[in-house]
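See below for the structure under consideration.
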Amino acid sequence: MAPDPALDADVRRADEDRWLASRFAPQDARTRLVALYALNHEIARTAETVRQAAIGDIRLQWWREATAEVFAGGPARKHPVVQVFAAAHAETPFSPEIVSALIDARGADLEPAPFATWNAMETYLDATSGGIMRLAFTACGAAPSEVIQPAARGWGYAGLMRAGAHWRARGRTFLPAGRDPHEMLERARAAYVAARELASSIPSVAFPALGYVALTRGYLRALERGETSRPLLLRQVKLVVASASGRL
């Protein structure tokens, strides 16, 4: 499947860290990864594009039906992301259950209340951050691995913290009621450490599917300083080192 330069550029703007890690994959796998990340972005940005939860639910239902049609073998809807996802699925079939769970979990983004417990938050992270990572393993031709859950949780926690100001401006917080933000930082750090210990067991072909998790520690250190971003060059160097060493 040939890459779409415009879509590739869109994914880089929307999800640069995953895009950077995808550069370590062969062209076919890279194209499938970009299709997945484009789909993930379209679904994830639902809460940012609507003012009413009911409209968000309608948008999520559209994606639920569009992907179900792809899995059923029907023609892809005339939406560029649906079409590239369908082409990627035709090459390397993805799990309908994982995609469905990912879409369902994004319904939490439309809720005004925060997660009730850490367990509820981790269920969300397993379906969203973890779901797209599992699909990415498939795109790379790698079997699922036990590293996915802690890697996805560490990355997901860090992502929620980095987006904290954005959600507060919308009158929302993901932090469970009564919980200290520092506890979220510690949970992210613990998950990352667990993922790092397991990462040596994954084959090199899987690196593009989760290599960006190597950036987690840098982001957590930045968050401790009150920062949410890291220079591009530092991220690129970190990914090159991680790829060469096989360590997150």
- Query: How far apart are the C-alpha atoms of His79 and Trp63, what are their side-chain angles, what is the distance that settles it, and do they pass the side chain to side chain contact (heavy atoms under 4.5 Å, CB included) test?
  - Reply: CA-CA 11 Å; His79 184 292; Trp63 284 105; 3.7 Å; yes

- What residue pairs, at least two apart or across chains, pass side chain to side chain donor-acceptor pair (under 3.5 Å) with a residue in residues 126-143?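 Sorted pair list: Asp126-Arg153.
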
- Any side chain to side chain donor-acceptor pair (under 3.5 Å) pairs touching residues 206-216, not counting sequence neighbours?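 Non-adjacent pairs meeting side chain to side chain donor-acceptor pair (under 3.5 Å): Arg18-Tyr212.
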
Expected output: side-chain [X] to main-chain [Y] donor-acceptor under 3.5 Å:
X	Y	result
Thr31	Gln27	yes
Ser95	Ile98	yes
Thr67	Arg64	yes
Ser243	Leu239	no
His41	Ala14	no

About how many Å separate [atom2] of [Y] and [atom1] of [X], when rounded to the nearest 0.5 Å?
X	Y	atom1	atom2	answer
Leu36	Thr92	CG	OG1	9.5 Å
Lys238	Leu215	NZ	CG	8.0 Å
Leu248	Arg217	CG	CZ	10.5 Å
Ile103	Leu60	CD1	CG	7.5 Å
Ile132	Asn40	CD1	CG	4.0 Å
Leu198	Ile148	CG	CD1	11.0 Å

- From CA spacing to verdict: side chain to side chain donor-acceptor pair (under 3.5 Å), Trp155, Asp17: CA-CA 11 Å; Trp155 182 255; Asp17 291 333; over 6 Å; no

Side chain proximity check, [X] to [Y], heavy atoms < 4.5 angstrom:
X	Y	result
Leu234	Pro231	yes
Leu210	Ile202	yes
Leu33	Pro208	yes
Pro150	Tyr192	no
Val84	Val34	no
Leu20	Glu16	yes

- Task: Any pair with a residue in residues 43-53 that passes salt bridge (Lys or Arg N to Asp or Glu O under 4.0 Å), sequence neighbours left out, goes on the list, sorted by first then second residue, please.
- Result: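 Salt bridge (Lys or Arg N to Asp or Glu O under 4.0 Å) check on residues 43-53 returns Glu42-Arg45.
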
- Query: salt bridge (Lys or Arg N to Asp or Glu O under 4.0 Å): which pairs involve residues 109-119, sequence neighbours left out?
  - Reply: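 Qualifying pairs: Arg106-Asp109.
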
- To which residues is Tyr124 joined in a hydrophobic cluster, defined by side-chain heavy-atom contacts under 4.5 Å among Ile, Leu, Val, Met, Phe, Trp and Tyr, whether direct or through other members?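 Listed partners: Phe115, Trp118, Met121, Leu125, Tyr157, Leu160, Met161, Trp167, Phe174, Leu175, Met184, Leu185, Leu220, Leu223.
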
- salt bridge (charged side-chain N to carboxylate O under 4.0 Å, His left out) against Glu197, all qualifying residues, sequence neighbours excluded: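 Once residues adjacent in sequence are excluded, Glu197 has no partner under the salt bridge (charged side-chain N to carboxylate O under 4.0 Å, His left out) criterion.
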
Closest non-hydrogen atom pair, [X] against [Y]:
X	Y	value
Ala35	Ala88	CB-CB, 4.0 Å
Gly56	Thr46	O-CG2, 3.6 Å
Ala105	Ala127	CB-CB, 3.6 Å
Val205	Cys140	CG2-O, 3.2 Å
Glu69	Pro75	OE1-O, 4.5 Å
Met133	Ala151	SD-CB, 4.0 Å

- side chain to side chain contact (heavy atoms under 4.5 Å, CB included) between Arg196 and Val193, intermediate numbers included: CA-CA 5 Å; Arg196 197 161 188 247; Val193 169; 5.6 Å; no

Decide whether [X] and [Y] are clustered together by the hydrophobic rule: side chain heavy atoms of Ile, Leu, Val, Met, Phe, Trp, Tyr closer than 4.5 Å, transitively.
X	Y	answer
Leu232	Val213	yes
Ile55	Ile43	yes
Val241	Phe207	no

- Message: Is the terminal nitrogen or CZ of Arg230 (NZ for Lys, CZ for Arg) located under 6.0 angstrom from the six-membered ring centre of Tyr219 and within 45° of that ring's axis?
- Response: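 Judged by the rule (NZ or CZ under 6.0 Å from the ring centre, within 45° of its axis), Arg230 is not positioned above Tyr219.
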
- Task: Could you tell me whether Arg77 sits above the aromatic face of Trp62, with NZ or CZ closer than 6.0 angstrom to the six-membered ring centre and within 45 degrees of the axis?
- Result: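 Geometry flag: set, cation within 6.0 Å and 45°.
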
- Item | Residues Arg221, Glu227: salt bridge by 4.0 Å N-O rule |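 No salt bridge links Arg221 with Glu227.
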
- Determine, stepwise, if the pair Leu110 / Val50 fulfils side chain to side chain contact (heavy atoms under 4.5 Å, CB included). CA-CA 9 Å; Leu110 304 170; Val50 301; 4.1 Å; yes

- Message: Exactly one of Pro93, Ser100, Pro96 should register a side chain to side chain contact (heavy atoms under 4.5 Å, CB included) with Phe71. Which one does?
- Response: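 Exactly one pass, corresponding to Pro96.
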
- Message: Pairing donors with acceptors under 3.5 angstrom, does anything connect the side chains of Arg30 and Ser22?
- Response: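 Judged by distance alone, the side chains do not pair up.
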
